[in-house]
Amino acid sequence: MRKLMILAMALIIAPLMAQESAGNIVHHYAARNFIAGNINKSRLDTVLMAGVNAPSAMNRQPWRFTVMQDIKLVKQIISDAKDGNILIVVSTDSKASNEARAVLDCGLAVQSMYLAAQALGLGSRIYTGPIAAINGRFKNELPAGYTAVALVRIGLVEKTDAVTAASSRKSINEIVTYK
Ligand SMILES: Cc1cc2nc3c(=O)[nH]c(=O)nc-3n(C[C@H](O)[C@H](O)[C@H](O)COP(=O)(O)O)c2cc1C
């Protein structure tokens with residue numbers, strides 16, 4: 001009986017679990033309708049760990065994450081922010097901020113946190129629009145010598161179907177070439 005259960009686990013449940021985690025990556029959407037409410041610390045920590053563990057060229061991890069929780073500050077950066085929304089600003093050493101590699105690495109950390117937040121049932125959205133302002137009048141919020149690349153906004157959302165909520169995409173035939 002025990003052997004049968006282990007076999008069922010290997011043949012049915014494990015592939016289903018793998019499908020489920022791939023599903024979280026395939027199906028996501030940039031949240032539009034955030035609602036007020038606090039994100040608990042353990043979910044925030046998990047999102048941050050997804051960023052910490054992101055891959056980077058030569059494993060240089062050229063990023064710093066600034067977690068903006070002060071709602072007055074958050075609303076100055078994203079005017080329609082809701083109470084409890086958190087901004088995670090990803091910055092890199094200013095000297096490297098023009099290097100495609102460093103910017104790509106930061107983008108991967110951003111994407112990892114964006115996806116992790118949604119896998120946890122939170123809403124998330126990536127922004128570059130406010131980056132000029134962050135590198136300008138909010139520069140003091142960043143670690144000294146660092147330049148912001150992008151930010152991830154996380155917060156509570158009403159439960160939404162990620163398949164229909166996402167904007168349309170180009171077709172796979174338009175994008176993928178097999179040789
Ligand atoms: C690098 C990057 C920068 C973005 N900047 C902004 C932004 O400044 N403001 C905004 O509202 N959305 C921004 N977005 C969100 C995109 O508009 C959104 O991910 C895209 O349109 C797909 O939408 P969907 O998730 O509804 O399918 C950004 C996304 C990325 C990846």
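Counting starts at 1 for both ligands and their atoms, following the listed order. Owing to the predicted nature of the structure, the values given are computational and were not obtained by experimental measurement.
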Item checked: Under 3.5 Å side-chain donor-acceptor pair for Asn173 and Ser171 ->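 Side chains of Asn173 and Ser171: no pair found under 3.5 Å.
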Notebook entry, point to check: Between Arg153 and Val74, is there a donor-acceptor pair closer than 3.5 Å when you use the side chain of the first and the backbone of the second?
Noted result: no
Check: Can you check whether Tyr146's main-chain N or O pairs, donor with acceptor, with Arg64's side chain at less than 3.5 Å?
Finding: no
Note to self: If the condition is side-chain contact (heavy atoms from CB on, under 4.5 Å), which residues does Glu141 pass it with, not counting sequence neighbours?
What the structure shows: Met68, Leu73, Phe138
Check: Pairs in or reaching into residues 99-133: which pass ring pair (Phe, Tyr, Trp, His ring centres under 6.0 Å), with residues at least two apart or in two chains?
Finding: His28-Tyr114
Check: Can you name the residues that form a salt bridge (charged side-chain N to carboxylate O under 4.0 Å, His left out) with Asp161, not counting sequence neighbours?
Finding: none
Under 3.5 Å, N/O to N/O: give me all the pairs between ligand 1 and the protein, one per line with atom names and distance.
from	atom 1	to	atom 2	distance (Å)
ligand 1	5 (N)	Thr128	N	3.1
ligand 1	8 (O)	Thr128	N	3.4
ligand 1	8 (O)	Gly129	N	2.8
ligand 1	11 (O)	Arg125	NE	3.1
ligand 1	11 (O)	Arg125	NH2	3.3
ligand 1	12 (N)	Arg125	NE	3.0
ligand 1	12 (N)	Arg125	NH2	3.2
ligand 1	14 (N)	Ile126	O	2.9
ligand 1	23 (O)	Ser167	OG	3.4
ligand 1	25 (O)	Ala30	N	2.6
ligand 1	26 (O)	Arg32	NH2	2.6
ligand 1	26 (O)	Ser167	N	3.2
ligand 1	26 (O)	Ser167	OG	3.0
ligand 1	27 (O)	Ser167	N	2.7
ligand 1	27 (O)	Ser167	OG	3.4
ligand 1	27 (O)	Arg169	NH1	2.7
ligand 1	27 (O)	Arg169	NH2	3.2

